[in-house]
Visitor: 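Structure provided below as structure tokens; questions to follow.
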Amino acid sequence: MNLPAEFETEVKSILGEEFPLFLVCYGMERMQGIRINRQKISAEEFLKITPFHLRPIPWTDNGFFYDREEEVTKHPHYYAGLYYVQEPSAMVPASRLPIEPGDRVLDLCAAPGGKATELGARLRGTGILAANDISPSRAGALVKNLELAGIPNVLVTAETPERLRARYGEHFDKILVDAPCSGEGMFRKDPALIKSWIERGPEYYAPLQEEILLNAAGMLRPGGMILYSTCTFSVAENERVVARVLKQCPQMELAEPLWYEGFSSGCRGRMGDELVSAREYPEFDPEKCIRIWPHRMEGEGHFAALLRKAGPDRRHEMKEETGGENLLSTGQLRELPEEAAAFLEKIRFPFSVSGWKAERVKDSLLLIPEGMAYKGLRCLRTGLLLGTVKKKRFEPSQALAMALKMDSWDNFIDFSRDDYRAERYLKGETLDPGETDEGKRSSGWTLVGCDGFPLGWGKMVNGQLRNKYQAGWRKMS
């Protein structure tokens with residue numbers, strides 16, 4: 001791999017005698033990882049049912065290395081949203097932002113959703129997750145990944161950080177800024193990024209990153225925290241961006257992140273050309289920053305820094321999670337179309353819907369968490385999409401199926417992962433459910449699952465299961 005000379009010079013000035021070891025890693029095979037979706041299953045339970053050969057990723061409690069030969073994206077468990085395929089180092093940022101139940105969380109640069117799905121899972125259906133990406137097309141992929149993960153309390157927007165700041169002010173308890181960057185840490189994963197780096201290097205991204213982080217600081221409540229991260233080695237994009245924001249925001253300070261022995265601390269810049277001098281930036285402490293070097297850890301290059309805004313800690317008073325709730329007791333079903341109300345009164349949600357509001361927007365029926373502020377924004381998803389209403393007919397959504405458990409709906413069919421009919425269902429085929437499958441079946445809407453986890457909907461008609469699996473999600477091979 002031909003690395004840019006300027007890039008090599010900076011990395012060599014940081015690593016010194018270790019630089020040859022750094023170069024060697026570019027000839028080595030990169031590691032593959034999956035992160036278990038704790039919204040649906042614990043890592044311990046997943047290990048009991050998975051056929052894959054997994055090895056723990058030591059810097060996170062729900063990440064695992066897998067063998068390259070294993071087809072993890074073709075297994076029914078992948079379509080059930082039990083895990084997300086993610087580069088191992090990229091699991092660090094979301095794991096180092098201390099999410100608590102009830103938090104209002106913003107993922108400011110969220111697409112395609114690898115970090116947002118983890119943040120949402122850690123909320124356990126409480127609080128609010130706002131996931132934003134400035135690009136509507138990328139935000140569309142973000143919606144799919146959040147729905148696949150079964151995250152119900154989500155707001156997906158396609159806005160600039162400036163517009164969000166003007167809309168919200170100091171609103172969020174926790175913010176993740178996984179900033180767009182020059183991608184130096186991903187050269188081994190995607191050599192095509194080298195050409196992009198030559199066209200747009202650190203000097204292009206650093207001002208943009210600083211602007212994004214400043215806007216994030218303006219949306220953070222007192223006592224709240226921001227996790228800033230990139231996948232680049234550049235001091236200009238990492239330590240210097242953080243130092244400049246600290247200088248401009250005296251109420252912000254670096255916090256101690258949860259450490260792992262393989263992490264390296266930050267630095268101040270190139271030898272003889274210090275970008276983050278102690279004299280100019282006395283409030284910046286590089287020892288509180290995380291650097292991941294691929295020759296020291298089994299992952300690609302990454303940087304992370306945890307910042308805290310001065311102010312009192314705030315604990316949310318959370319009601320005890322009950323689950324098994326429906327919308328009948330809220331009185332809202334009286335305002336819905338008859339067929340939709342008749343369907344939804346039978347749903348037992350696995351998370352508390354107390355205070356949530358059912359709202360119809362054109363043909364879509366949404367379930368919106370209490371306190372979700374979304375008016376005036378370009379929204380791609382507001383809360384949980386329950387389904388669509390056309391004339392008097394109601395069709396439950398794929399998102400609803402993924403947010404449920406198998407016992408949330410009385411009429412269900414649960415295939416085992418080795419049953420060929422699970423594969424056929426994911427391809428969109430009509431099925432004969434047979435008599436040996438676990439589940440209850442009668443005419444009408446049927447929740448279809450695998451190993452106790454929903455995959456989507458079908459409709460039983462004359463003993464045949466008509467496939468209602470979402471067309472855009474279907475398995476191609």
Side-chain angles (χ1 to χ4, degrees), residues 38-39 92-110 113 115-133 142 146 149 151-157 159 161-179 212-229 242 245-246 249-258 288 304-321 351-352 354-356 368-375 377 379 381-384:
R38 66 183 89 216
Q39 174 81 6
V92 168
S95 71
R96 265 53 188 180
L97 185 60
I99 303 297
E100 297 175 355
D103 276 347
R104 295 190 295 264
V105 180
L106 170 63
D107 189 345
L108 191 52
C109 311
K115 299 173 179 68
T117 50
E118 169 67 4
L119 297 175
R122 291 168 65 195
L123 284 172
R124 300 281 188 181
T126 68
I128 304 291
L129 171 65
N132 177 75
D133 198 277
L142 175 61
L146 286 164
I151 310 298
N153 50 327
V154 67
L155 172 67
V156 179
T157 58
E159 292 286 3
E162 292 83 1
R163 283 211 66 206
L164 290 176
R165 182 178 182 179
R167 172 65 177 81
Y168 284 114
E170 294 182 327
H171 179 78
F172 294 100
D173 300 297
K174 308 287 165 55
I175 300 177
L176 179 66
V177 179
D178 187 46
I212 292 172
L213 187 53
L214 282 170
N215 278 295
M219 288 186 277
L220 188 69
R221 69 157 178 84
M225 290 186 171
I226 295 175
L227 194 293
Y228 174 77
S229 65
V242 173
V245 169
L246 290 175
C249 302
Q251 72 274 37
M252 301 294 295
E253 63 179 3
L254 278 169
E256 293 279 0
L258 180 63
K288 292 182 178 179
L306 184 62
L307 296 86
R308 183 181 182 277
K309 181 177 278 190
D313 290 335
R314 182 168 65 190
R315 295 282 185 259
H316 299 278
E317 292 185 8
M318 298 303 301
K319 298 176 182 177
E320 185 177 348
E321 292 186 31
F351 50 90
S352 174
S354 176
W356 292 44
I368 301 174
E370 185 176 16
M372 178 174 283
Y374 60 91
K375 301 293 185 182
L377 297 173
C379 301
R381 178 67 72 242
T382 308
L384 175 62

Visitor: Decide, yes or no, whether a salt bridge links K115 with D107 under the criterion of side-chain N to carboxylate O below 4.0 Å.
Guide: no
Visitor: Under the side chain to side chain donor-acceptor pair (under 3.5 Å) test, which residues partner T157, sequence neighbours left out?
Guide: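 Counting only residues at least two positions away or on another chain, T157 forms a side chain to side chain donor-acceptor pair (under 3.5 Å) with N132.
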Visitor: Can you name the nearest heavy-atom pair linking R167 to Y374, along with the distance?
Guide: NH2-N, 3.8 Å
Visitor: Out of curiosity, F172 CZ to R165 CZ, how far, rounded to the nearest 0.5 Å?
Guide: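 CZ of R165 is found 13.0 Å from CZ of F172.
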Visitor: Does the R124 side chain pair with the main chain of R38, one donor and one acceptor, at a distance under 3.5 Å?
Guide: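 A pair under 3.5 Å: yes.
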Visitor: Between NE2 of H171 and CG of L164, what distance do you get to the nearest 0.5 Å?
Guide: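 That separation rounds to 10.5 Å.
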Visitor: Can you list the residues that meet the salt bridge (charged side-chain N to carboxylate O under 4.0 Å, His left out) rule with K309, with sequence neighbours excluded?
Guide: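 Testing K309 for salt bridge (charged side-chain N to carboxylate O under 4.0 Å, His left out), a comparison that skips the adjacent residues, returns E170.
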Visitor: To check you understand the geometry: which heavy-atom pair defines the closest contact between G102 and D173, and what is its length?
Guide: O-OD2, 4.4 Å
Visitor: Kindly write out the residues that satisfy salt bridge (charged side-chain N to carboxylate O under 4.0 Å, His left out) with E253, not counting sequence neighbours, or none if the list is empty.
Guide: none
Visitor: Answer yes or no: is there a donor N or O on one side and an acceptor on the other, between the side chain of S229 and the main chain of A304, under 3.5 Å?
Guide: no
Visitor: Does P369 offer a backbone N or O that forms a donor-acceptor pair with the side chain of N153 under 3.5 Å?
Guide: no
Visitor: So, for S95 and V92, which heavy atoms are closest and what is the spacing to 0.1 Å?
Guide: OG-O, 2.7 Å
Visitor: Indicate yes or no: at least one non-hydrogen side-chain atom of D103 is less than 4.5 angstrom from one of R122.
Guide: no
Visitor: Can you sort out the partners of R96 under salt bridge (charged side-chain N to carboxylate O under 4.0 Å, His left out), two or more places apart, ordered by chain and number?
Guide: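 Checked R96 against salt bridge (charged side-chain N to carboxylate O under 4.0 Å, His left out); zero matches.
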Visitor: What is the distance from atom CZ of R104 to atom CG of L155, rounded to the nearest 0.5 Å?
Guide: 13.0 Å
Visitor: Out of V177, L97, L176, V245, which one pairs with I226 under the side chain to side chain contact (heavy atoms under 4.5 Å, CB included) rule?
Guide: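 Testing I226 for a side chain to side chain contact (heavy atoms under 4.5 Å, CB included) against V177, L97, L176, V245 leaves exactly one candidate, V177.
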Visitor: In chain order, what residues pass the salt bridge (charged side-chain N to carboxylate O under 4.0 Å, His left out) check against R308, with sequence neighbours excluded?
Guide: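 For R308, the residues satisfying salt bridge (charged side-chain N to carboxylate O under 4.0 Å, His left out) (neighbours in sequence not counted) are D313.
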Visitor: R163: what forms a side chain to side chain donor-acceptor pair (under 3.5 Å) with it, not counting sequence neighbours?
Guide: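 Only E159 meet the side chain to side chain donor-acceptor pair (under 3.5 Å) criterion with R163.
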Visitor: Nearest heavy-atom pair of A131 and A110: which atoms, and what distance?
Guide: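 Distance-wise, the nearest heavy atoms are CB-CB, 4.0 Å.
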Visitor: Assess whether side chain to side chain contact (heavy atoms under 4.5 Å, CB included) is satisfied between V105 and I128, documenting all intermediate values.
Guide: CA-CA 6 Å; V105 180; I128 304 291; over 6 Å; no
Visitor: Would you say the side chain of M225 lies within less than 4.5 Å of the side chain of K174, judging by non-hydrogen atoms?
Guide: yes
Visitor: Could you check M219 against L106 for side chain to side chain contact (heavy atoms under 4.5 Å, CB included), going step by step and ending with a plain yes or no?
Guide: CA-CA 9 Å; M219 288 186 277; L106 170 63; 3.8 Å; yes
Visitor: Using modelled atom types only, decide if a donor and an acceptor are shared between the side chain of Y168 and the backbone of G218 within a distance under 3.5 Å.
Guide: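 A pair under 3.5 Å: no.
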